[in-house]
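Step one of this worksheet: look at the structure below.
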Amino acid sequence: MKKILVLHTGGTIAMSADESGNMAPGAQNPLDNYVNRFSDEVELQTEDVFNLPSPHITPARMLELKQRIAKAASEGIDGVVVTHGTDTLEETAYFLDLTLPNELAIVVTGAMRSANEIGSDGLHNLETAIQTASAPDAADKGVLVVMNDEIHSARYVTKTHTTNVATFRTPTFGPIGLVAKHGVVFFESLLRSTVCPIQTVADNVFLIKAYAGMGPELLEAIAQPTTNGVVIEALGAGNMPPVTLPAIQKLLDMNIPVVLVSRCFNGIAQDVYDYEGGGVQLKQMGVIFCQGLNGQKARIKLLVGVSAGMSAGELARFVATANS
C-alpha cells in the first residue's frame with residue numbers, strides 16, 4: 001500500500017459558499033470529512049500547511065511548501081498531493097518542478113467549485129490526484145497537475161478559463177496522461193529540467209505585458225538598483241514598440257536580466273523580424289528569449305535562477321529554453 005502525503009494550502013477546494021454564493025475560507029477544510037474514503041486504497045497522511053486563497057501565495061510560501069515536500073522524501077512517503085487555489089496553481093507547481101529532485105511523485109490539484117456547490121469538483125480532483133501520485137509511472141514525470149481527469153506537466157499547463165472546471169490546458173502539446181476508469185495512463189514523458197535546490201527566494205522579479213502604443217514609462221519605473229530581473233510578454237513572435245528600446249537598454253546596462261516571451265497563447269518567442277524593435281534587434285541587445293513558457297512561468301524560472309545565484313551566462317542558458 002502506497003503512503004501518500006496530502007498537503008493542503010487552501011483555495012476554492014478548501015472553501016464553502018454561503019447563502020449568497022460567495023466563497024471564503026473556513027475554519028475547517030471540508031476535505032477532511034472525506035479522508036477515510038481512500039483508506040482502503042492508500043495510506044494517507046494529511047497536513048494543513050497553510051489555508052490561503054491562491055492570490056495570497058508568494059514565492060516565500062512556495063519555498064515553504066518545497067521544503068516540506070523535500071523533508072517527506074526521508075519519511076517513507078511514496079507520493080505527495082498538494083491541494084491549491086487555481087489562480088496561481090501553475091506558478092506554484094512550476095516552482096516545485098524547478099526546485100525539487102525527481103524522487104517522489106508530486107501532484108498538484110485544486111477545484112473550480114467550492115465544496116458545497118452543485119457539481120463540486122474538489123473531491124473528484126483530490127481522488128484522481130491521489131490515484132496519480134500512487135501510480136508506479138508517476139515518479140519520473142516531474143511535478144504534475146491533475147484536474148478534470150487530465151494529467152498535465154507543471155511546465156506547460158495554464159489556467160485558460162475563469163470558472164470552467166475544464167480550465168487547465170496545455171497549449172500546443174496537450175495533457176501527458178489521463179485518469180481512466182481502470183487506472184492512470186501516461187502517453188508521454190518530458191525532458192527533465194535542471195533542478196535548483198534553492199534555500200531563499202529573491203525579491204523584485206517583475207512581469208510586464210507589451211501592448212500597442214506602449215511607452216517606456218513602466219520599464220523606466222522598474223530600472224532600479226533593487227530590481228533583480230524583468231520578464232516581458234512581447235508582441236507576436238517577440239517584438240516591442242521602438243519607443244521602449246532605450247528603457248530596455250537601460251535595464252541591460254544595469255546588468256538586470258531581461259527575459260522575453262510572447263504574449264500569444266500558442267507558439268514560441270524567437271528572433272524573426274529584423275526591424276526597429278523586432279526580435280533580431282532585441283536579441284542583439286542582450287535580451288534573453290525564453291521559448292515554450294508563458295510570462296508567469298518564465299518569471300518563476302528567472303526568479304529561481306536569480307535565487308540560485310547563477311552568473312549572467314548561466315542564467316541566460318537556464319532561462320532560454322523550457323527544457324534546460
Side-chain angles (χ1 to χ4, degrees), residues 2-9 11 13 38 41-42 44 49 54 57 62 65-66 68-70 72-73 77-112 121-160 165-180 183-195 292-294 296-297 300-301 304 322-323:
K2 291 288 186 75
K3 186 174 182 180
I4 304 298
L5 173 64
V6 179
L7 300 175
H8 296 305
T9 69
I13 195 170
F38 310 106
E41 306 164 25
V42 295
L44 282 188
V49 183
S54 60
I57 299 293
M62 297 177 193
L65 183 60
K66 171 255 179 187
R68 176 62 190 96
I69 295 173
I77 299 295
D78 297 303
V80 177
V81 171
V82 177
T83 64
H84 196 286
T86 58
D87 286 354
T88 60
L89 184 151
E90 65 190 88
E91 289 158 273
T92 295
Y94 190 49
F95 180 94
L96 298 176
D97 191 59
L98 289 170
T99 58
L100 285 166
N102 221 13
E103 297 177 352
L104 299 174
I106 302 171
V107 179
V108 186
T109 193
M112 297 303 295
D121 55 331
L123 182 58
H124 181 77
N125 286 339
L126 176 61
E127 182 173 26
T128 54
I130 291 171
Q131 284 181 260
T132 304
S134 305
D137 296 333
D140 63 347
K141 299 293 191 298
V143 175
L144 303 172
V145 173
V146 174
M147 298 268 295
N148 204 41
D149 292 332
E150 293 184 342
I151 304 170
H152 295 265
S153 163
R155 189 177 305 167
Y156 298 119
V157 72
T158 190
K159 186 175 182 178
T160 64
V165 295
T167 181
F168 280 91
R169 292 280 184 262
T170 298
T172 305
F173 308 115
I176 66 170
L178 298 173
V179 183
V184 173
V185 181
F186 287 102
F187 299 111
E188 56 184 296
S189 298
L190 292 174
L191 296 176
R192 205 46 195 133
S193 294
T194 302
V195 176
L293 298 180
N294 60 24
Q296 55 266 37
K297 297 277 185 67
I300 290 294
K301 193 161 195 183
V304 168
N323 289 328

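All values below come from the heavy atoms of this structure, side chains included, with hydrogens, waters and symmetry mates left out. What you see is a predicted model, and the numbers here were worked out from it, not measured in a lab.
Looking at Leu144 and Phe186, their side chains come closer than 4.5 Å, going by heavy atoms from C-beta outward. Side-chain contact between Gln131 and Thr128 is present, with heavy atoms from C-beta onward closer than 4.5 Å. Contact of the Thr99 side chain with the Met62 side chain is not registered, since no non-hydrogen atoms from C-beta on lie closer than 4.5 Å. Two residues are said to be in side-chain contact when any heavy atoms from C-beta on lie closer than 4.5 Å; Leu293 and Arg155 meet this criterion.
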What's the verdict on side chain to side chain contact (heavy atoms under 4.5 Å, CB included) for Lys301 and Val304, showing C-alpha distance, side-chain angles and the deciding distance? CA-CA 5 Å; Lys301 193 161 195 183; Val304 168; 5.7 Å; no
Verdict with supporting geometry, Leu89 and Val108, side chain to side chain contact (heavy atoms under 4.5 Å, CB included): CA-CA 8 Å; Leu89 184 151; Val108 186; 3.7 Å; yes
Give the intermediate values and the outcome of side chain to side chain contact (heavy atoms under 4.5 Å, CB included) for residues Thr132 and Val179. CA-CA 7 Å; Thr132 304; Val179 183; 3.6 Å; yes
Side chain to side chain contact (heavy atoms under 4.5 Å, CB included), that's the test. Do Gln296 and Thr88 meet it? Break it down for me. CA-CA 9 Å; Gln296 55 266 37; Thr88 60; over 6 Å; no
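In this structure, the side chain of Asp78 does not engage the main chain of Ile4 through any donor-acceptor pair within 3.5 Å. Between the side chain of Asp97 and the backbone N or O of Gly142, no donor-acceptor pair lies under 3.5 Å. Checked by atom type and distance alone, the side chain of Asn125 never pairs as donor or acceptor with a backbone atom of Met147 at under 3.5 Å. Using modelled atom types, no side-chain atom of Asp149 and backbone atom of Leu178 make a donor-acceptor pair closer than 3.5 Å. Formation of a donor-acceptor pair under 3.5 Å by the Thr109 side chain with backbone atoms of Leu126 is not found in this model. In terms of modelled atom types and a separation under 3.5 Å, the side chain of Thr160 and the main chain of Thr167 share a donor-acceptor contact. Formation of a donor-acceptor pair under 3.5 Å by the Lys297 side chain with backbone atoms of Val157 is found in this model.
With Val143 as reference, Leu96 is the one residue of Ile69, Leu96, Val82 to meet the side chain to side chain contact (heavy atoms under 4.5 Å, CB included) rule.
Note that the NE2 atom of His84 and the CG atom of Leu7 stand 11.5 Å from one another [nearest 0.5 Å]. Rounded to the nearest 0.5 angstrom, Phe168 CZ and Glu150 CD are separated by 11.5 Å. The line from CG of Leu104 to CG of Asp140 is 12.5 Å long, rounded to the nearest 0.5 Å. Remark: Leu65 CG to Arg68 CZ distance equals 10.0 Å, nearest 0.5 Å. One finds the OG1 atom of Thr158 at 4.5 Å from the CG atom of Asn294 (value rounded to the nearest 0.5 Å).
For the residue pair Ala133 and Val81, the shortest heavy atom distance occurs at CB-CG2, 3.8 Å. In this structure, Val6 and Leu44 approach most closely via the heavy-atom pair CG2-CD2, 3.9 Å. Closest non-hydrogen pair, Val146 versus Ala129, comes out as CG1-N, 4.0 Å. What you find for Ile106 and Leu100 is that their closest heavy atoms are CD1-CD1, 3.6 Å. For the pair Val145 and Ala93, the tightest heavy-atom approach, listed with the atom from each and the gap, is CG2-CB, 3.8 Å. The two residues Lys2 and Ser134 have their closest heavy-atom pair at NZ-O, 2.9 Å.
With sequence neighbours left out, the salt bridge (Lys or Arg N to Asp or Glu O under 4.0 Å) criterion links Lys159 to Asp87.
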